[in-house]
Amino acid sequence: MTLPHTMTLIEITEPGGPDVLQPHQAPVPVAEAGEILIRVHAAGVNRPDALQRAGKYPLKPGMNPIPGLEVAGEVVAIGAGVSEFALGDKVCALTNGGGYAQYCVVPASQALPIPEGMDWLQAAAIPETYFTVWANLFGLGGARQGQRVLIHGGTSGIGTTALMLCRELGIEAFATAGSEEKCAAIRELGAEAINYRDQDFVQIIAEKTAGQGVNVILDIMGGSYFNNNVAALALDGRLVMLGFLGGAHARDVDLRAIMAKRAVVTGSLLRSRTGEEKAAIARQLREHLWPVLTAGRCLPMIDQVYPLTDAAQAHARMEAGEHIGKIVLRVGT
């Protein structure tokens, strides 16, 4: 397969706002042992991309400085030792960076075949989001049928995915949002919507659960929500931290409340997980969720699509907090 020597990618010219995302020409990467090279047709936009752009997501040595943690496209080159994919295969993949580009190298173990009937845009919205929800809500959080969960940021890519999977798996869900439009979207996904601007989620959950609370909370706010999250937990509940939009430090924490509920407080960063851990999550997704996606259920909700070269506009929309579902970059036809 003949490949070009150079490609267009989006680089972070310096830490800052969306305008520091600029198109750049660079050599097409080469697939090394255990890797595949993907001609990218679409790339998902995620909160860690914006944190990295702003200089708030330090990269470990060896991490790709080009933003973009999930892509969909076709396999155009295969590294040594890769047998599970062939040239021309349509795949979506969790990257180790580098997704905002026309070509991206990824470990073959982090790629999955695109479910039949799914387009490039939907496929690009799967990996980072579904890996994150599966590993945290169902892995660390242990959510299962018959339980109750609370999802903060219910209309984000993470939030909408979590709510769809809760509905699919028989889990009662509550979710917070900041507008009536977003609350309506949450209700359409089968969850109880809580408008945090004029409702107290602790009080609502206490009323709706007869004081029992929720078994798992998936939180993107961090410090500002910590004490109220503990208050909303059920006995033996789990608080799973995914972000810190409300601050990375919790003040005046009552440790007695955590002890009284035997609560577990945990969290994780997907990008810093090992290749083996990411490969294990990919296998779990293929086993448990790929049949659901292939059947046309729990498909990613797409908010807006931007050309690759308009990545700055995509980031501006995400940071404005107006989106419902995923924002995606269209890279190729």
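Computed from heavy atoms alone, side chains included, the values below leave out hydrogens, waters and symmetry copies.
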| Just by distance, do the side chain of Lys261 and the backbone of Val230 share a donor-acceptor pair under 3.5 Å? | yes
| query | Does Val20 belong to the same Ile/Leu/Val/Met/Phe/Trp/Tyr cluster as Ile10, with side-chain heavy atoms less than 4.5 Å apart forming each link? | reply | yes
| What's the verdict on side-chain contact (heavy atoms from CB on, under 4.5 Å) for Val40 and Leu308, showing C-alpha distance, side-chain angles and the deciding distance? | CA-CA 10 Å; Val40 179; Leu308 175 65; over 6 Å; no
| said: Other residues, nucleotides and ligands only: do more than 12 of their heavy atoms fall within 6.0 Å of CD on Glu207? | reply: yes
| message | Check whether Thr160 reaches the backbone of Gly157 with its side chain - one donor and one acceptor, N or O, closer than 3.5 Å. | response | yes
| message | Looking only at the aromatic ring of each residue, does the gap between the centers of His288 and Phe138 stay below 6.0 angstrom? | response | no
| Residue pair Ile12 / Pro65, side-chain heavy-atom distance below 4.5 Å | no
| query | Once you round to the nearest 0.5 Å, how far does CD of Glu192 lie from CD of Glu172? | reply | 8.0 Å
| query | Given Leu329, which of Leu121, Thr309, Val45, Val305 fulfils the side chain to side chain contact (heavy atoms under 4.5 Å, CB included) condition? | reply | Val45
| field | Side-chain touch Arg53/Pro18, heavy atoms, less than 4.5 angstrom | value | yes
| said: Which residue is it: Leu163, Thr176, Ile186? I am looking for the one with a side chain to side chain contact (heavy atoms under 4.5 Å, CB included) to Thr155. | reply: Ile186
| remark: Rounded to the nearest 0.5 Å, the CG atom of Asp303 sits from the NZ atom of Lys326 at a distance of 11.0 Å
| query | More than 12 foreign heavy atoms under 6.0 Å from CZ of Arg187: is that the case here? | reply | yes
| field | Separation between CH2 of Trp290 and CG of Leu285, rounded to the nearest 0.5 Å | value | 6.0 Å
| Which atoms form the tightest heavy-atom contact between Ala282 and Leu112, and what is the distance? | O-CD2, 3.7 Å
| query | Do you know which two heavy atoms are closest between Ile78 and Ala31, and how far apart they sit? | reply | C-CB, 4.3 Å
| field | Sub-4.5 Å side-chain heavy-atom contact between Asn229 and His152 | value | yes
| request: May I ask you to check whether Gln25 and Thr8 show a side-chain donor-acceptor distance below 3.5 Å? | output: yes
| message | Within the 4.5 Å heavy-atom criterion, are Leu165 and Leu137 side-chain neighbours or not? | response | no
| request: Using atom types as modelled and distance alone, determine if a side-chain donor or acceptor of Gln110 lies under 3.5 Å from a backbone N or O of Leu94. | output: yes
| task | List the steps and the verdict of side-chain contact (heavy atoms from CB on, under 4.5 Å) for Ile36 and Val82. | result | CA-CA 8 Å; Ile36 57 175; Val82 176; 4.0 Å; yes
| query | Are Val149 and Met221 joined in one hydrophobic group, where the rule is that I, L, V, M, F, W and Y side chains link up if heavy atoms are under 4.5 Å apart? | reply | yes
| said: So does Arg238 get a backbone contact from the side chain of Thr266, meaning a donor-acceptor N/O pair under 3.5 Å? | reply: no
| query | Is there a side-chain contact between Leu150 and Leu218, using heavy atoms and a 4.5 Å cut-off? | reply | no
| query | So, do Ile324 and Glu181 sit near enough that their side-chain heavy atoms are less than 4.5 Å apart? | reply | yes
| request: Identify the heavy atoms of Ala260 and Leu235 that sit nearest to each other, and give their distance. | output: O-CD1, 3.6 Å
| said: Looking at Asn46 and Asp49, would you say the former's side chain and the latter's main chain have a donor-acceptor pair under 3.5 Å? | reply: no
| message | How close do Cys298 and Leu293 get, counting heavy atoms only, and between which atoms? | response | O-CD2, 3.3 Å
| Any donor-acceptor pair under 3.5 Å from Trp120 side chain to Val331 backbone | no
| query | Do Tyr196 and Leu233 belong together in a cluster built from hydrophobic side chains that touch within less than 4.5 Å? | reply | yes
| note | Output for pair (Cys104 SG, Glu70 CD), nearest 0.5 Å, gives 11.5 Å
| Between Leu239 and Tyr225, does a side-chain contact (heavy atoms from CB on, under 4.5 Å) hold up when you go through it step by step? | CA-CA 11 Å; Leu239 170 58; Tyr225 273 29; over 6 Å; no
| Arg297 CZ: over 12 foreign heavy atoms closer than 6.0 Å | yes
| request: Evaluate the side-chain proximity of Leu270 to Ile281: yes if any heavy-atom separation is below 4.5 Å, no if none is. | output: yes
| Are the side chain of Arg271 and the backbone N or O of Asn96 linked by a donor-acceptor pair below 3.5 Å? | yes
| request: Decide yes or no for Val30 and Leu37: does some side-chain heavy atom of the first lie under 4.5 Å from some side-chain heavy atom of the second? | output: no
| query | Can you tell me how far the CD1 atom of Ile217 sits from the CZ atom of Phe174, to the nearest 0.5 Å? | reply | 11.0 Å
| request: Give the minimum heavy-atom separation between Pro127 and Ala124, together with the two atoms involved. | output: CD-O, 3.7 Å
| task | Of all the heavy-atom pairs spanning Arg273 and Ser268, show the shortest one and how long it is. | result | NH2-OG, 3.6 Å
| Shared hydrophobic cluster for Phe85 and Leu3 (ILVMFWY, side-chain gaps under 4.5 Å) | yes
| message | Would you say Met63 ends up clustered with Ile38 if hydrophobic residues are merged whenever their side chains have heavy atoms under 4.5 Å apart, either directly or through other cluster members? | response | no
| said: Applying side-chain contact (heavy atoms from CB on, under 4.5 Å) to Asn136 and Leu242, what does each step give before you reach the verdict? | reply: CA-CA 8 Å; Asn136 288 281; Leu242 292 184; 3.4 Å; yes
| note | One should read off an interatomic distance between Asp119 CG and His41 NE2, to the nearest 0.5 angstrom, of 12.0 Å
| query | Would you find a donor on one side and an acceptor on the other, under 3.5 Å apart, between the side chain of Glu128 and the backbone of Ala125? | reply | no
| message | Can a donor-acceptor pair be found, under 3.5 Å and without considering hydrogens, that links the side chain of Asn195 to the backbone of Arg197? | response | yes
| Quick check: are there more than 12 heavy atoms from other residues, nucleotides or ligands sitting under 6.0 Å from CD of Gln22? | yes
| Exam field: side chain Asn215 to backbone Arg148, donor-acceptor pair closer than 3.5 Å | yes
| message | Any salt bridge linking Glu188 with Arg167? Criterion: basic side-chain nitrogen under 4.0 Å from a carboxylate oxygen. | response | no
